[in-house]
Amino acid sequence: MTLILGIETSCDETAAAVLKDGRFLLSNVVASQIDLHRKYGGVFPEMASRQHVLAIMPVIQQALADAQVGWDDLDAVAVTRGPGLAGSLLVGVNTAKGAAWANQLPLLGINHLEGHIYSNWIEAEGNHPDKVFPILVLIVSGGHTELILMTGHGEYARLGGTIDDAAGEAFDKVARVLGLGYPGGPAIQNAAQNGDDRAFRFPKARTKNPYDFSFSGLKTAVLRTVQRIEGQDLSSSRKLTPGEHLPEQVVADLAASFQRALVDALVEKTVRAAESLEVTEICVCGGVSANAALREAMRARAPIPVSIPPIYLCTDNAAMIAAAGHFRFLRGERAGLDMDVIPNLPLTSH
Ligand code: KG4
Ligand code: ZN
């Protein structure tokens, strides 16, 4: 049996979780900073690190209490070392080091993207924890969009990824253009519920590598459409000042049409890869995999089984870091107490 404490502070969530045997979630505590950053329209890095400093110990103590375990029961501490905001990562990594040293526990440094992938290994609705490699993985988060062929634990072959904006970044930027606020993903999904997803036709990006993605053209097309509509309104009797919100129905239609275009691109390319490669299943992960339209379309159109974690494991959490840590712990990996954070850490095999 293994009991791993996971710690995650790469961006704007302070999180800790205790995971048994790499799949049974005993506790999962997430302190979100969304309210703090909302007034800035995005994550304010210095505020994020200082908030992590305030929250990290209470969050860890809560995770241990919820799991009803003490430090002596743990086998290892797994912490995100990158990619992410340097100041935010430092809080989690230094706390993990102190805890590992004080309690004589092994320390593991985890890649945040690998954590997202391993959210699919946790025993939870929508997941298939018993997997047979190779697996096709789609990571869609605020900073990343990656299509990966996973051939074993820790073995990744990159098929493609975004050549400009990440999927979550596109959601966040378009939400700002539509005056929907932060974070953009849930706001767009919400607005899109009342919209017609065929009201606007947005162009499909062509990429040289068929497994690459490009979302900046789509984002610009939404912006141009908004400017055109606002321009029309300015010339009509109703006077609009720049930046004034569009009529609610137009915002809903734009949100729905944008969401559909983005989801179509993600699903089309993932399905194409699943059809041409010998893979047993598709694993979708990362914050954008919380999107209802994406979840539905992927499940409806995929030719093989699809694993998508429940929403609370899609957005940033520490359970996924503990899950990735479990497999590295079993492989004998250990980090030294001189481990540094790596803000632009790529996902590599080892
Ligand atoms: O994985 P995550 O929590 O943090 C990063 O590692 O980046 O992903 C955050 C991203 C944000 O861009 C957010 O807008 C997006 O995930 N997101 C969504 C939804 N929920 C979160 N995007 C679309 N629909 C959602 N329901
Ligand atoms: Zn993430």
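First listed ligand is number 1; within each ligand, the first listed atom is number 1. What you are looking at is a predicted structure, and each value in this text was computed from that prediction instead of being measured. Nothing fancy with the numbering, it's 1 onward along the sequence.
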Problem set entry | Whether Arg23 side chain and Trp121 backbone form a donor-acceptor pair below 3.5 Å | no

Exercise. Which atoms of ligand 1 have any heavy atom of Ala290 under 4.0 Å away?
Worked result: 20 (N), 26 (N)

Problem set entry | Any donor-acceptor N/O pair, Glu155 side chain to Ala157 backbone, under 3.5 Å | no

Problem set entry | Minimum-distance protein heavy atom relative to atom 13 (C) of ligand 1 | Asp172 OD1, 3.9 Å

For this session: Look at atom CZ of Arg331 and say whether more than 12 heavy atoms of other residues, nucleotides or ligands are closer to it than 6.0 Å.
Result: yes

Problem set entry | Backbone N/O of Ala292 and side chain of Gln189: donor-acceptor pair under 3.5 Å | yes

For this session: Check each atom of ligand 1 against the heavy atoms of Thr315 and keep those under 4.0 Å away; list them by number with element.
Result: 3 (O)

Problem set entry | CD/Glu248: more than 12 non-hydrogen atoms of other groups inside 6.0 Å | no

Exercise. Below 4.0 Å from any atom of ligand 1, is there a heavy atom belonging to Pro186?
Worked result: yes

Exercise. Crowded around Arg201 CZ? As in, over 12 foreign heavy atoms under 6.0 Å?
Worked result: no

Problem set entry | Met150 and Glu114, any side-chain heavy atoms less than 4.5 Å apart | no

Problem set entry | Under-4.0 Å heavy-atom contact with ligand 1, by part of His144 that carries it | neither

For this session: Look at atom CD of Glu296 and say whether more than 12 heavy atoms of other residues, nucleotides or ligands are closer to it than 6.0 Å.
Result: no

For this session: Could you list the atoms of ligand 1 found under 4.0 angstrom from a heavy atom of Gly168?
Result: 12 (O)

For this session: Could you tell me whether the side chain of Arg158 reaches within less than 4.5 Å of the side chain of Glu146, counting heavy atoms only?
Result: yes

Problem set entry | atom 3 (O) of ligand 1 [closest protein heavy-atom partner, distance rounded to 0.1 Å] | Asp316 N, 3.1 Å

Exercise. Is it the side chain (CB and beyond), the backbone, both or neither of His112 that lies under 4.0 Å from ligand 1, heavy atoms counted?
Worked result: side chain

Seminar exercise, completed: Residue, atom and distance of the protein heavy atom nearest atom 26 (N) of ligand 1 read Gln189 OE1, 2.9 Å

Exercise. Contact between His116 and ligand 1, counting heavy atoms under 4.0 Å?
Worked result: yes

Seminar exercise, completed: When distances are taken from atom 24 (N) of ligand 1, the protein heavy atom at minimum range is Asn291 ND2, 3.0 Å

Exercise. What's within reach of the Zn ion (ligand 2), meaning protein N/O/S atoms under 2.8 Å?
Worked result: His112 NE2, His116 NE2, Asp316 OD1

For this session: Answer yes or no: is there a side-chain heavy-atom contact under 4.5 Å between Arg224 and Thr220?
Result: yes

Problem set entry | Side-chain heavy atoms of His153 within contact of Tyr118, under 4.5 Å | yes

Exercise. Do the side chain of Ser349 and the main chain of Tyr156 share a donor and acceptor less than 3.5 angstrom apart?
Worked result: yes

Exercise. Are the aromatic ring centres of Phe200 and Phe258 under 6.0 angstrom apart?
Worked result: no

Exercise. With respect to atom 1 (O) of ligand 1, which of Gly184, Ser289, Gly287, Ala293 exhibits the smallest heavy-atom separation?
Worked result: Gly287

Exercise. Which atoms from ligand 1 have a heavy atom of Gly143 less than 4.0 Å away?
Worked result: 7 (O)

Problem set entry | Selection from Pro83, Gly142, Gly115, Ala166 by shortest heavy-atom distance to atom 5 (C) of ligand 1 | Gly142

Exercise. To which protein heavy atom is atom 23 (C) of ligand 1 closest, and what is the distance rounded to 0.1 Å?
Worked result: Gly185 CA, 3.4 Å

